[in-house]
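Predicted, not measured: the structure shown is a model, and the values here were computed from it.
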Amino acid sequence: RNCLKMRFVKVLGIGFVVLSCTFAGFLKSRAVIRRKDNLADFCSGLEMLYEYISQGLSGLETALEKAFFKCDFLSFDGNAPIFNDCCLTPDEKTDITNFFKETGHSAKKFDLDRINAFKTVMTQHYNEALAETKQKCKLWQTGGICIGLIVGILLI
C-alpha cells in the first residue's frame, strides 16, 4: 500500500514536470506572437501620428495618446515612452525611446519626414518578426514538450 502511494506521487511529480515544461514552451511562443502584434500596433500608431501632426488638429501629447491608444504596452510621461510588459527587443525599445525624445522639437515638415523614415524602419522589424513567428512558435512549443518528456523519462 505504501509502495502504491509512492508510485502515485512519482507519477504525479513526473506529470507536473512534463506539463510545466510544456507550459513554459507555450508561454515563450506567446511572447513571440505578442512581439509581432506589438510591432504591428506601433506601426499603425506611427501612421496615425503622421496624420495628427500633418493636420495639426491637436498638441503633441494629445496626438501621441490618440495615435498609440492601441499600444497597450506603451504609455507616455510627457513625450517620453514608458514600456509596460513588452516583448520588444532592447534595440527596438531604444530606437522607440530615441524617436520620441526627438519628436516635436523641430519643424513640422522635419517631424513628418522623421515619422515616415522611422515607420519604414519599424515596418522592417515587423516584417522580420512576422517571418520568424511561425518558426519560433513551433520551435518553442515543440522544445517545451520534448524537454518535458526527456526530463520525465530521466526521472523514471
Side-chain angles (χ1 to χ4, degrees), residues 15-154:
F16 179 74
V17 168
V18 171
L19 289 176
S20 296
C21 291
T22 302
F23 185 68
F26 277 85
L27 280 179
K28 186 62 179 172
S29 170
R30 180 63 191 133
V32 170
I33 293 169
R34 212 167 65 217
R35 174 177 175 252
K36 174 193 62 93
D37 293 344
N38 287 347
L39 287 170
D41 290 344
F42 187 78
C43 289
S44 174
L46 284 173
E47 290 176 17
M48 291 175 67
L49 181 64
Y50 182 90
E51 292 301 318
Y52 284 122
I53 290 178
S54 68
Q55 294 174 4
L57 298 177
S58 58
L60 181 61
E61 286 186 31
T62 306
L64 290 174
E65 287 177 18
K66 287 181 179 179
F68 295 100
F69 75 95
K70 285 176 36 178
C71 298
D72 58 351
F73 67 93
L74 190 63
S75 58
F76 294 96
D77 181 20
N79 66 336
I82 300 169
F83 297 97
N84 310 312
D85 187 31
C86 184
C87 295
L88 299 179
T89 65
D91 289 339
E92 291 166 346
K93 289 180 183 180
T94 302
D95 290 347
I96 291 171
T97 301
N98 291 337
F99 171 76
F100 284 120
K101 281 183 183 176
E102 297 172 10
T103 300
H105 298 295
S106 55
K108 182 177 173 178
K109 182 182 179 341
F110 184 71
D111 273 344
L112 293 174
D113 291 342
R114 281 186 61 254
I115 292 169
N116 274 334
F118 192 60
K119 186 178 143 224
T120 302
V121 170
M122 294 309 289
T123 301
Q124 288 174 347
H125 287 286
Y126 168 73
N127 290 333
E128 291 169 6
L130 184 64
E132 293 175 349
T133 297
K134 202 172 195 178
Q135 291 175 334
K136 285 187 176 182
C137 284
K138 281 185 179 180
L139 176 71
W140 283 111
Q141 291 170 357
T142 306
I145 293 168
C146 290
I147 289 172
L149 291 174
I150 289 171
V151 171
I153 290 170
L154 291 175

If you round to the nearest 0.5 Å, how far is [atom2] of [Y] from [atom1] of [X]?
{"X": "Leu74", "Y": "Thr97", "atom1": "CG", "atom2": "OG1", "result": "8.5 Å"}
{"X": "Asn116", "Y": "Asp111", "atom1": "CG", "atom2": "CG", "result": "11.5 Å"}
{"X": "Ile96", "Y": "Leu46", "atom1": "CD1", "atom2": "CG", "result": "8.0 Å"}
{"X": "Asn38", "Y": "Tyr126", "atom1": "CG", "atom2": "OH", "result": "11.5 Å"}
{"X": "Lys108", "Y": "Gln55", "atom1": "NZ", "atom2": "CD", "result": "8.5 Å"}
{"X": "His125", "Y": "Asp95", "atom1": "NE2", "atom2": "CG", "result": "5.5 Å"}

Checking Leu88 against Phe73 for the side chain to side chain contact (heavy atoms under 4.5 Å, CB included) test, could you report, in this order, the C-alpha distance in whole Å, the side-chain angles of both residues, the deciding distance, and whether it holds? CA-CA 10 Å; Leu88 299 179; Phe73 67 93; 3.7 Å; yes
So which atom in [X] and which in [Y] form the shortest heavy-atom distance, rounded to 0.1 Å?
{"X": "Gly148", "Y": "Cys21", "answer": "CA-CB, 3.4 Å"}
{"X": "Leu39", "Y": "Ala129", "answer": "CD1-CB, 3.9 Å"}
{"X": "Ser54", "Y": "Glu51", "answer": "OG-O, 3.0 Å"}

Using the rule given for side chain to side chain contact (heavy atoms under 4.5 Å, CB included), can you reason through Asn84 versus Asp72, listing the C-alpha separation, both sets of side-chain angles and the distance that settles it, and then say yes or no? CA-CA 8 Å; Asn84 310 312; Asp72 58 351; over 6 Å; no
If the condition is side-chain contact (heavy atoms from CB on, under 4.5 Å), which residues does [X] pass it with, not counting sequence neighbours?
{"X": "Ala63", "answer": "Leu49, Tyr52, Ser58"}
{"X": "Thr94", "answer": "Asn98"}
{"X": "Val18", "answer": "Ile14, Thr22, Leu149"}

Applying salt bridge (charged side-chain N to carboxylate O under 4.0 Å, His left out) to Asp37 and Arg34, what does each step give before you reach the verdict? CA-CA 5 Å; Asp37 293 344; Arg34 212 167 65 217; over 6 Å; no
Check whether any side-chain N or O of Ser44 sits under 3.5 Å from a backbone N or O of Ala40 as a donor-acceptor pair, and report yes or no. no
Residue that, paired with Glu132, satisfies salt bridge (charged side-chain N to carboxylate O under 4.0 Å, His left out) out of Arg35, Lys36, Lys138: Arg35
Sub-6.0 Å ring centroid separation between Phe42 and Phe99: no
So Trp140 and Leu27, side chain to side chain contact (heavy atoms under 4.5 Å, CB included) or not? Walk me through it. CA-CA 9 Å; Trp140 283 111; Leu27 280 179; over 6 Å; no
Does Lys93 have more than 12 heavy atoms from other residues, nucleotides or ligands lying within 6.0 Å of its NZ? yes
